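One structure is given below, encoded as structure tokens.
Owing to the predicted nature of the structure, the values given are computational and were not obtained by experimental measurement.
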Amino acid sequence: MMNEVKESFREGGGDGDGAAPRRRTETAAAAPAPAALTAKVRTLAPSMTRSMQRVAEAVAADPAGCAALTVTGLAELTGTSEATVVRTARLLGYPGYRDLRLALAGLAAQQQSGRSPAVTADIAVDDPIAEVVAKLAHDEQQTLADTAAALDTVQLGAAVTALTAARRTDIYGIGASGLVAQDLAQKLLRIGLVAHAHHDPHLAVTGAVQLRAGDVAIAITHSGSTSDVIEPLRVAFDHGATTIAITGRPDGPVTQYADHVLTTSTARESELRPAAMSSRTSQLLVIDCLFTGVTQRTYETAAPALAASYEALVHRRVPRGLR
């Protein structure tokens with residue numbers, strides 16, 4: 001978990017070559033607010049054991065009912081043990097079951113305050129296009145809300161600090177995540193920072209070899225297990241660069257080589273809406289947060305750079321016959 005001491009694998013320590021690994025202490029994350037509980041369950045459920053999933057699904061589905069239960073009662077309801085209930089509470093970010101019950105009570109109160117019922121995001125082949133628009137808009141909104149609620153702002157702030165001071169930033173992404181990597185790179189370039197987006201794994205690794213302390217490497221992978229993204233991040237990590245993982249799996253293999261982990265929402269995948277669509281939405285929110293944070297800290301240089309890039313391209317936005 002993010003609030004535990006993690007083993008670092010710099011200098012090849014993660015490959016079993018006997019090199020002494022450097023211990024990295026992650027900043028302890030505060031217990032999530034009640035509104036973030038459901039998002040936390042969606043994000044972490046795929047990495048839980050089946051018994052822990054039953055507990056997590058129960059508290060997300062009926063926060064009011066579960067808030068009224070003792071740890072023994074919730075264990076009996078879900079067919080698990082008291083120890084499993086406590087472990088689930090801690091995995092969700094709460095010190096103990098008592099804290100989880102308080103969050104459930106808060107979430108139940110919010111849900112009873114008159115909020116309109118949720119719209120299902122399942123899209124059928126014969127849905128009218130107007131209904132498709134409504135369902136997709138609702139799902140995008142929920143994805144953004146879940147990502148914002150679960151995003152660790154301490155980790156985000158540390159990542160912004162690293163990017164602000166970076167000599168060079170390399171960004172790795174494949175497929176839909178590659179499009180997000182390109183978006184972040186062009187944003188950073190527009191405020192005068194040196195940034196490269198790599199979607200070719202061979203070029204990504206050869207570029208990572210050139211990184212060192214003072215540089216930043218960012219891996220974007222929804223699954224957290226894309227080898228073409230993990231490999232260059234590992235190389236950058238081994239060469240001393242500050243590494244950042246943007247992923248929907250906070251316990252995925254990519255985080256092994258990440259100094260900072262920014263978690264995106266894990267939305268439900270459907271037949272007509274692959275995971276790449278919803279994951280891209282949450283990834284774009286995270287990189288917009290990164291970019292805005294960097295722009296705030298470098299405003300004196302970023303603002304003129306943005307203005308200059310706009311002026312350099314403005315003539316391309318106006319048809320010649322209208323100038």
Side-chain angles (χ1 to χ4, degrees), residues 144 147 151 155-222 226 228-237 239-247 254 257-262 264 276 279-318:
L144 292 172
T147 300
L151 191 58
Q155 291 286 309
L156 178 64
V160 167
T161 298
L163 282 170
T164 300
R167 178 188 70 97
R168 163 182 161 183
T169 298
D170 279 15
I171 310 161
Y172 316 124
I174 300 296
S177 296
L179 300 176
V180 178
Q182 291 178 37
D183 189 48
L184 178 56
Q186 68 91 14
K187 280 180 166 64
L188 295 176
L189 285 169
R190 290 197 65 182
I191 58 173
L193 301 182
V194 179
H196 307 278
H198 297 281
H199 55 83
D200 182 305
H202 291 184
L203 290 177
V205 171
T206 55
V209 171
Q210 307 303 321
L211 299 181
R212 59 179 184 272
D215 296 327
V216 171
I218 302 176
I220 305 176
T221 164
H222 176 63
T226 305
D228 287 341
V229 169
I230 295 174
E231 179 62 12
L233 193 74
R234 181 192 66 78
V235 173
F237 189 83
H239 282 75
T242 298
T243 52
I244 301 167
I246 299 175
T247 179
V254 72
Y257 304 108
D259 293 307
H260 309 296
V261 178
L262 303 177
T264 56
S279 65
R280 186 178 68 246
T281 299
S282 54
Q283 290 168 352
L284 287 170
L285 174 60
V286 172
I287 69 163
D288 279 354
C289 291
L290 283 172
F291 172 72
T292 302
V294 172
T295 303
Q296 286 178 312
R297 298 194 189 185
T298 62
Y299 184 76
E300 291 187 0
T301 56
L306 277 172
S309 65
Y310 179 84
E311 289 297 326
L313 296 173
V314 68
H315 71 280
R316 295 182 176 275
R317 299 187 179 93
V318 182

*For the residue pair Ile287 and Ile218, establish whether any side-chain heavy-atom pair is separated by less than 4.5 Å.*
no

*Within the side chain of Thr292, is there an N or O that forms a donor-acceptor pair under 3.5 Å with the backbone of Cys289?*
no

_Within this structure, what is the NZ-CD1 distance for the pair Lys187 and Ile171, rounded to the nearest 0.5 Å?_
10.5 Å

*Taking the side chain from Gln155 and the backbone from Val261, do they hold a donor-acceptor pair closer than 3.5 Å?*
yes

*Grab the two heavy atoms, one from Ser177 and one from His222, that are nearest each other, plus how far apart they are.*
OG-N, 4.2 Å

*Can Thr243 and Arg234 be counted as having a side-chain donor-acceptor contact under 3.5 angstrom?*
no

*asked:* Within this structure, what is the CG-OG1 distance for the pair Leu156 and Thr161, rounded to the nearest 0.5 Å?
replied: 9.5 Å

*Where is the tightest heavy-atom contact between His202 and Asp200, given as atom of each residue plus distance?*
N-OD1, 2.8 Å

*asked:* Is there a side-chain contact between Leu179 and Asp183 in this structure, where contact means two heavy atoms from C-beta onward sitting under 4.5 Å apart?
replied: no

*Rounded to the nearest 0.5 Å, how far apart are CG of Leu290 and NE2 of His260?*
10.5 Å

*asked:* Just checking His199: does its NE2 atom have more than 12 heavy atoms from other residues, nucleotides or ligands closer to it than 6.0 angstrom?
replied: no

*Between Ala217 and Leu233, which heavy-atom pair has the shortest distance, and what is it?*
O-CD1, 3.7 Å

*Do Asp170 and Asp215 have side chains that get closer than 4.5 Å, going by heavy atoms?*
no

_Between CD1 on residue Ile220 and CZ on residue Arg280, distance to nearest 0.5 Å_ = 12.5 Å

*Please tell me if the side chains of Thr169 and Leu193 come closer than 4.5 Å, counting only heavy atoms from C-beta onward.*
no

*Atom OG1 in Thr264, atom CD1 in Ile246: separation rounded to 0.5 Å?*
8.5 Å

*asked:* Could you check whether any side-chain heavy atom of Arg297 comes within less than 4.5 Å of a side-chain heavy atom of Leu163, counting everything from C-beta outward?
replied: no

*Might you point out which heavy atoms bring Ala181 and Gly173 nearest each other, and give the distance in Å?*
CB-N, 4.2 Å

*Closest approach of Ala245 and Val254, non-hydrogen atoms and distance?*
CB-CG1, 4.1 Å

_Aromatic plane relationship, Phe237 with Tyr257 - under 30° parallel, 30 to 60° tilted, over 60° perpendicular_ = perpendicular

*Hey, does Thr281 have a side-chain heavy atom less than 4.5 Å from the side chain of Leu144?*
yes

*Are any of the side-chain heavy atoms of Ile191 and Phe291 separated by less than 4.5 Å?*
yes

*Evaluate the side-chain proximity of Arg167 to Val194: yes if any heavy-atom separation is below 4.5 Å, no if none is.*
no

_Would you compute the distance between atom CD of Gln283 and atom OG1 of Thr221 and round it to the nearest 0.5 angstrom?_
8.0 Å

*Please name the pair of heavy atoms, one in Ala195 and one in Ala185, separated by the smallest distance, quoted to 0.1 Å.*
CB-O, 3.9 Å

